[in-house]
Number of protein chains: 2
Amino acid sequence: MEEGTFPAPGSCEGTDDEFDVMHWDSREDCEVRQILDRVADKWSLLVIALLERRTLRFTELKREIDGISQRMLTQTLRHLERDGLVRRTVYPVVPPRVDYDLTPLGASLHSTIKALVTWTEEHQREIAVARNRYDLQADAAPVAAGATA
Amino acid sequence: MEEGTFPAPGSCEGTDDEFDVMHWDSREDCEVRQILDRVADKWSLLVIALLERRTLRFTELKREIDGISQRMLTQTLRHLERDGLVRRTVYPVVPPRVDYDLTPLGASLHSTIKALVTWTEEHQREIAVARNRYDLQADAAPVAAGATA
DNA sequence: CAGTATCCCTAAGGATACTG
DNA sequence: CAGTATCCTTAGGGATACTG
């Protein structure tokens with residue numbers, strides 16, 4: 001086991017609700033920031049997305065997620081399990097069988113993540129266009145850019 | 001400039017829409033995966049959140065986001081600008097002034113990101129509880145866990 | 001099958017110094 | 001002020017080998 005998990009919780013929940021959102025940005029060690037990082041993690045996103053409505057075994061997840069190593073998959077699953085987002089069920093059979101599925105908490109996160117994915121899918125064209133424009137003008141204009149008023 | 005930006009675009013947009021979502025997970029070099037990574041990035045999240053409804057200057061952003069280095073802030077802003085999410089406005093004044101704000105595209109992403117942040121805020125208690133439970137039982141049970149049916 | 005343990009290497013990213 | 005350039009450390013994460 002490696003696992004360097006935070007010894008200092010550093011709570012910053014009930015600071016003040018003057019700003020409905022936007023207060024979570026200051027404290028670096030803030031718990032919300034930390035959870036956000038975990039949840040917005042590359043592999044976590046994929047795992048949660050895949051576990052919607054279907055239970056998957058370790059190998060199935062590994063097969064589905066192109067490019068993930070078993071090391072990262074294990075680590076990601078452990079994190080998600082620890083956070084109560086994913087349930088791990090071990091069957092004590094002779095060829096080991098372990099099932100993974102979303103907890104209600106994980107399922108509630110899923111819709112949010114799906115929204116993010118959907119946004120990305122819907123706007124990938126625009127982003128591609130923006131990138132092309134940016135790259136071209138950056139290439140063409142080594143000096144003088146922006147509001148040349 | 002460092003910037004290692006992908007020479008191979010690797011499109012995977014119009015593959016098939018049998019699965020409304022859930023097809024974006026396989027191709028590792030998929031553009032959606034790449035955009036998702038950028039958008040779900042730790043610092044990007046914070047920058048976009050902060051730029052809601054207010055225009056900020058470089059130093060203001062740096063001050064607001066605790067723990068970010070100028071290197072990372074610059075890099076993040078450049079990426080977001082390139083993706084068409086953030087607009088950068090340079091005023092050719094003697095003490096340089098550069099303003100950052102969201103483009104319409106960036107603004108459209110903001111609501112999605114806000115949803116993610118809100119989810120995190122709303123469920124941080126549950127996650128904390130889950131973590132405690134996990135840590136305690138993992139500590140207490142070095143052997144035999146899960147469905148001991 | 002479902003992991004754990006090790007090794008190892010790349011790249012993310014902080015600190016610092018310099019510039020238009 | 002708003003960066004850029006350089007250095008350097010750390011840790012994220014792949015590859016491989018071993019185990020219950």
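Proteins come first, then strands; the chains are lettered A, B, ... in the order of their sequence lines, and each starts at number 1.
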May I ask you to say whether B:Asp99 pairs ionically with B:Arg97, meaning some side-chain N is under 4.0 Å from a carboxylate O?
->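 Counted as a salt bridge, because a side-chain N and a carboxylate O are separated by less than 4.0 Å.
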What is the distance, to the nearest angstrom, from the [atom1] atom on [X] to the [atom2] atom on [N]?
{"X": "A:Ile65", "N": "C:dA2", "atom1": "CD1", "atom2": "P", "answer": "14 Å"}
{"X": "A:Asp37", "N": "D:dG12", "atom1": "CG", "atom2": "C1'", "answer": "13 Å"}
{"X": "A:Leu73", "N": "C:dG3", "atom1": "CG", "atom2": "C1'", "answer": "10 Å"}
{"X": "B:Leu77", "N": "D:dG3", "atom1": "CG", "atom2": "P", "answer": "7 Å"}
{"X": "B:Glu64", "N": "D:dA2", "atom1": "CD", "atom2": "P", "answer": "14 Å"}
{"X": "A:Leu61", "N": "C:dG3", "atom1": "CG", "atom2": "C1'", "answer": "14 Å"}
{"X": "B:Arg38", "N": "C:dA12", "atom1": "CZ", "atom2": "P", "answer": "11 Å"}
{"X": "A:Lys42", "N": "D:dG13", "atom1": "NZ", "atom2": "P", "answer": "7 Å"}

Considering Watson-Crick and G-U wobble pairs with both distances under 3.5 Å, what does D:dT4 pair with?
->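 Pair assignment: D:dT4 / C:dA17.
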Between [options], which nucleotide gets closest to the side-chain atoms of [X]?
{"X": "B:Arg97", "options": "D:dA2, D:dG3, C:dG3", "value": "D:dA2"}
{"X": "B:Phe58", "options": "D:dT16, C:dG3, D:dG3", "value": "D:dG3"}
{"X": "B:Arg71", "options": "D:dG14, C:dA15, C:dA2", "value": "C:dA15"}
{"X": "A:Pro96", "options": "C:dC1, D:dA15, D:dG3", "value": "C:dC1"}
{"X": "B:Thr74", "options": "C:dG14, D:dT4, C:dG3", "value": "D:dT4"}
{"X": "B:Met72", "options": "C:dA17, D:dA2, C:dG13", "value": "C:dG13"}

Can you find a donor-acceptor N/O pair under 3.5 angstrom joining the side chain of A:Gln75 to the base of C:dT4?
->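 Not at all, since no donor on one side and acceptor on the other fall under 3.5 Å apart.
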So, is [X] near the phosphate of [N], with a side-chain N or O under 4.0 Å from OP1 or OP2?
{"X": "A:Arg88", "N": "C:dA2", "value": "no"}
{"X": "B:Tyr100", "N": "D:dC1", "value": "no"}
{"X": "B:Arg57", "N": "D:dA2", "value": "yes"}

Kindly give the heavy-atom pair with the smallest separation between B:Tyr100 and B:Arg78, and that separation in Å.
->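 Result for this residue pair: OH-NH1, 3.6 Å.
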Taking every non-hydrogen atom, the tightest pair across B:Asp66 and A:Arg33 =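 Scanning both residues completely, I find the closest heavy atoms to be O-NH2, 3.2 Å.
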Above 12 or not: heavy atoms from other molecules or residues under 6.0 Å from CZ of A:Arg87?
->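 It does not: A:Arg87 CZ has 12 such atoms or fewer within range.
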A:Asp41 side chain to A:Trp43 main-chain N or O, any donor-acceptor pair under 3.5 Å?
->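 Here the side-chain-to-backbone pair exists.
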Residue mapping more 5' on DNA chain D - nearest nucleotide basis, A:Asp41 or A:Gln70 =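 Nearest nucleotide further toward 5': that of A:Asp41.
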